[in-house]
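Okay, structure first, notes after.
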2 protein chains.
Amino acid sequence: MESLKETGARHAGSHGRWYQDACGTAFAMELLGERWSMLVVRELLLGPRRFSDLRAALPGISAKVLTERLAGLETAGVLLRRRLPPPAASQVYELRAWGHAAEAPILALARWAAMSRGHNPQLPLSPVAFMLSLRAMLAPGPVSGAPLRVGFTVAGESFLAEFAGNALAVRRATAEELAGADASFTAEAPLPLLRVFYGHQPLDQAEQGGVRVAGDRAAAERFASMFALPEKLA
Amino acid sequence: MESLKETGARHAGSHGRWYQDACGTAFAMELLGERWSMLVVRELLLGPRRFSDLRAALPGISAKVLTERLAGLETAGVLLRRRLPPPAASQVYELRAWGHAAEAPILALARWAAMSRGHNPQLPLSPVAFMLSLRAMLAPGPVSGAPLRVGFTVAGESFLAEFAGNALAVRRATAEELAGADASFTAEAPLPLLRVFYGHQPLDQAEQGGVRVAGDRAAAERFASMFALPEKLA
DNA sequence: CAGAATCCCATTCGATACTG
DNA sequence: CAGTATCGAATGGGATTCTG
């Protein structure tokens with residue numbers, strides 16, 4: 001058993017109230033349980049973001065609260081603040097290794113919530129949240145098949161999804177990388193893409209609704225069929 | 001109490017402020033993100049509990065807050081309140097199927113928190129939280145081997161852990177069921193057991209520290225060696 | 001024991017205004 | 001753009017009391 005000294009010291013990043021509970025879940029909720037904290041981490045899971053990026057992705061958060069959450073998460077050791085090299089005089093927030101490991105519980109929560117009736121997928125969704133949903137909702141089991149590289153451009157942000165060996169990796173990408181993909185989806189907003197990936201909407205119908213599909217159409221079809229929302233539970 | 005006015009069809013169980021976000025993580029945090037909510041669910045994961053059981057397991061929660069959280073979780077569809085048959089005139093709270101499915105994200109959060117330095121395992125721990133930690137920290141990979149049934153009595157509460165096919169099931173048990181187990185651990189509090197399961201403390205040393213080991217000692221040894229805290233991340 | 005009802009203070013939120 | 005400062009309003013939560 002590790003030493004863990006500190007008689008009565010509080011956890012870093014704690015918000016002044018803390019559970020006296022050794023359970024990891026309790027500790028996790030001290031770190032991520034404040035309003036907005038987990039969504040801030042979510043937005044950082046696909047790479048560093050600036051203050052204004054985060055505000056844009058989290059409609060409803062105020063500058064004050066975002067500032068407070070970023071400071072708390074930094075103190076907690078979840079993320080760090082990095083100043084970009086001179087050309088760009090700006091600052092970005094970036095997850096540390098441990099912060100990045102929060103992806104697993106975050107996706108697990110998303111899968112759980114999606115099993116609820118009452119979950120409303122019509123609300124706004126950030127591009128990052130949409131891309132992460134693909135990782136959350138990749139149908140399990142032997143879906144395998146040939147590797148697949150699929151590009152996404154959603155609301156101006158580009159990503160590359162790489163499927164290989166029954167796992168799906170997602171990262172931000174440049175236009176050049178998207179050119180090398182097997183297929184690409186482009187949309188002004190995530191909502192029409194949700195219809196394709198979780199609503200079983202056929203591709204040609206989606207193209208009426210603001211989705212552009214480029215590249216190998218069969219690959220796009222196969223990729224889209226790999227995702228499904230979990231069944232609802234009572 | 002919340003009156004649920006408003007035409008806008010808010011999410012059930014929402015606490016009046018809500019994220020406008022279709023992401024499942026956001027919805028999950030609306031349901032479980034309030035202080036104490038997730039820990040209440042945790043305490044129900046191994047079966048129904050009474051109001052006073054929950055208060056005892058969650059030191060620091062007030063009657064008012066517990067009442068509010070139970071009401072909110074019931075409205076959200078996570079749990080339901082059941083009146084026991086006449087002999088016992090009391091009431092219990094019980095997870096619904098969907099509520100029970102929250103075990104996956106709850107354990108994922110626990111694993112994540114355990115990867116942090118700063119996690120203090122010396123704090124008090126409820127018997128349920130300890131038993132769940134076994135499910136969270138079962139070492140992955142081909143640990144297999146013969147099935148194993150191990151009893152636990154912690155602070156007067158008894159459980160049976162059944163390992164088979166690389167999976168570990170845990171449930172409450174009666175004294176008779178414990179008698180049929182391959183081995184049994186008994187302790188007044190979870191802390192000394194933590195030293196055995198996560199601190200690599202040898203059994204005979206643990207027996208100096210308030211742990212009683214009964215039954216097949218080799219089985220007890222093998223079982224204890226199946227668990228490990230995840231490695232810390234920076 | 002199980003909870004509802006009150007009281008009341010500390011914290012927190014969001015909006016707005018302001019600054020480098 | 002990236003925050004800070006301030007302020008009124010809402011909420012949270014602990015303690016206490018009351019009831020069946």
Side-chain angles (χ1 to χ4, degrees), chain A residues 10 13-21 26 29-30 32-37 39-40 43-44 48-75 79-94, chain B residues 1-6 10 13-21 29-30 32-40 43-44 48-75 79-94:
Chain A
R10 332 228 310 240
S14 164
H15 36 111
R17 315 171 307 212
W18 61 109
Y19 309 112
Q20 282 298 340
D21 197 317
M29 289 309 282
E30 287 176 9
L32 298 183
E34 274 185 310
R35 191 162 151 74
W36 293 110
S37 286
L39 302 189
V40 170
E43 284 302 315
L44 295 175
R49 310 253 68 196
R50 291 172 306 177
F51 191 89
S52 51
D53 297 329
L54 295 171
R55 282 207 74 174
L58 301 173
I61 199 172
S62 69
K64 179 191 179 189
V65 171
L66 180 54
T67 301
E68 288 170 359
R69 293 302 176 271
L70 289 169
L73 290 169
E74 186 177 17
T75 304
L79 57 80
L80 44 80
R81 164 185 323 228
R82 195 156 54 84
R83 184 159 291 287
L84 292 181
S90 97
Q91 232 179 169
V92 293
Y93 297 88
E94 182 173 26
Chain B
M1 263 305 295
E2 64 180 319
S3 30
L4 269 311
K5 57 264 170 188
E6 321 218 359
R10 332 208 327 225
S14 163
H15 36 110
R17 311 176 307 215
W18 61 112
Y19 307 113
Q20 283 297 340
D21 196 318
M29 289 309 283
E30 286 175 11
L32 298 182
E34 273 185 310
R35 190 161 150 74
W36 293 112
S37 287
M38 199 157 331
L39 302 188
V40 170
E43 285 302 315
L44 295 175
R49 311 255 66 199
R50 292 170 306 178
F51 191 89
S52 50
D53 297 329
L54 295 172
R55 281 206 74 174
L58 301 172
I61 198 172
S62 71
K64 178 192 180 187
V65 172
L66 181 53
T67 301
E68 287 171 357
R69 293 303 177 270
L70 288 169
L73 290 168
E74 187 178 16
T75 304
L79 58 80
L80 43 82
R81 162 183 328 224
R82 195 156 53 85
R83 185 159 291 284
L84 291 181
S90 97
Q91 230 179 170
V92 294
Y93 298 87
E94 183 174 24

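Chain naming here is simple, since letters A, B, ... match the order of the sequence lines and numbering starts at 1 in each.
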To the nearest Å, give me how far apart [atom1] ([X]) and [atom2] ([N]) are.
| X | N | atom1 | atom2 | value |
| --- | --- | --- | --- | --- |
| Q20(A) | dG14(D) | CD | P | 13 Å |
| R49(B) | dC1(C) | CZ | C1' | 15 Å |
| E34(A) | dT11(C) | CD | C1' | 11 Å |
| R69(A) | dT11(C) | CZ | C1' | 11 Å |
| Y19(A) | dG14(D) | OH | C1' | 16 Å |

Q. Distance from S52(A) atom OG to Q91(A) atom CD, nearest 0.5 Å?
A. 11.0 Å
Q.
I need the E34(A) CD to L73(A) CG distance, nearest 0.5 Å.
A. 8.5 Å
With a 4.5 Å cut-off on side-chain heavy atoms, are [Y] and [X] touching?
| X | Y | value |
| --- | --- | --- |
| R55(B) | L66(B) | yes |
| L70(B) | L54(B) | yes |
| Y19(B) | R35(A) | yes |

Q. Which nucleotide in the set dG14(D), dG12(D), dG14(C) lies at the smallest distance from any side-chain heavy atom of V65(A)?
A. dG14(C)
Between protein and nucleotides 1-4 of chain D, what N or O pairs are separated by less than 3.5 Å?
residue: dA2(D); atom: OP2; partner: S52(A); partner atom: N; Å: 3.1
residue: dA2(D); atom: OP2; partner: S52(A); partner atom: OG; Å: 2.3
residue: dG3(D); atom: OP1; partner: Q91(A); partner atom: NE2; Å: 2.9
residue: dG3(D); atom: OP1; partner: Y93(A); partner atom: OH; Å: 3.3
residue: dG3(D); atom: OP2; partner: Q91(A); partner atom: NE2; Å: 3.3
residue: dG3(D); atom: OP2; partner: Y93(A); partner atom: OH; Å: 2.8

Q: Assess R81(B) against F51(B): is NZ or CZ under 6.0 Å from the centre of the six-membered ring, and within 45 degrees of the ring's axis?
A: no
Q) Is there a side-chain polar atom (N or O) of R35(B) under 4.0 Å from OP1 or OP2 of dT12(C)? A) no
